[in-house]
Amino acid sequence: MTQKPLRFVNPKMDLAFRKIFGSDHSHDIIISFLNAILDLTGDRTITEVTILDPYQAPPILDLKESILDVRVTDQSGRRYIIEMQL
């Protein structure tokens, strides 16, 4: 019997990213992941995340739609948005 090669989902794809990191149970994982890949330490360390609706209507009709992925709060209380893009 011939085995088929394993195929992996690219976690950089929006759907896969949301499937891996987008549940309430994965907040610790995404916090650790983002702090590691963004090399955040000290008061810049992310402590809280919220997965956002990816299709938010723009405030001005002529603007393209905004696709936002994760709203984060760092240790010093700053809030910002991180977007996954290819």
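Residue numbers start at 1 and run along the sequence shown.
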query = Is there a donor-acceptor contact under 3.5 Å from the side chain of T45 to the main chain of G42?
reply =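 Between the backbone of G42 and the side chain of T45 there is a qualifying donor-acceptor contact (under 3.5 Å).
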ask   = Are D43 and R78 ion-paired here, with the side-chain N under 4.0 Å from a carboxylate O?
value =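 A salt bridge is present here (some side-chain N lies under 4.0 Å from a carboxylate O).
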request  = Would you name the heavy atoms of V49 and H27 that are closest together and state the gap between them?
outcome  =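 Result for this residue pair: O-CE1, 3.3 Å.
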key: Candidate list V70, I30, N35, test side-chain contact (heavy atoms from CB on, under 4.5 Å), partner I46, passing option   =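 When side-chain contact (heavy atoms from CB on, under 4.5 Å) is applied between I46 and each of V70, I30, N35, only N35 qualifies.
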ask   = With respect to R44, which candidate in L38, D74, D39 satisfies the side-chain contact (heavy atoms from CB on, under 4.5 Å) definition?
value =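 Filter result, single survivor: D74.
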task = List the steps, then state whether side-chain contact (heavy atoms from CB on, under 4.5 Å) holds for L34 with L40.
result = CA-CA 8 Å; L34 291 172; L40 299 174; 5.7 Å; no
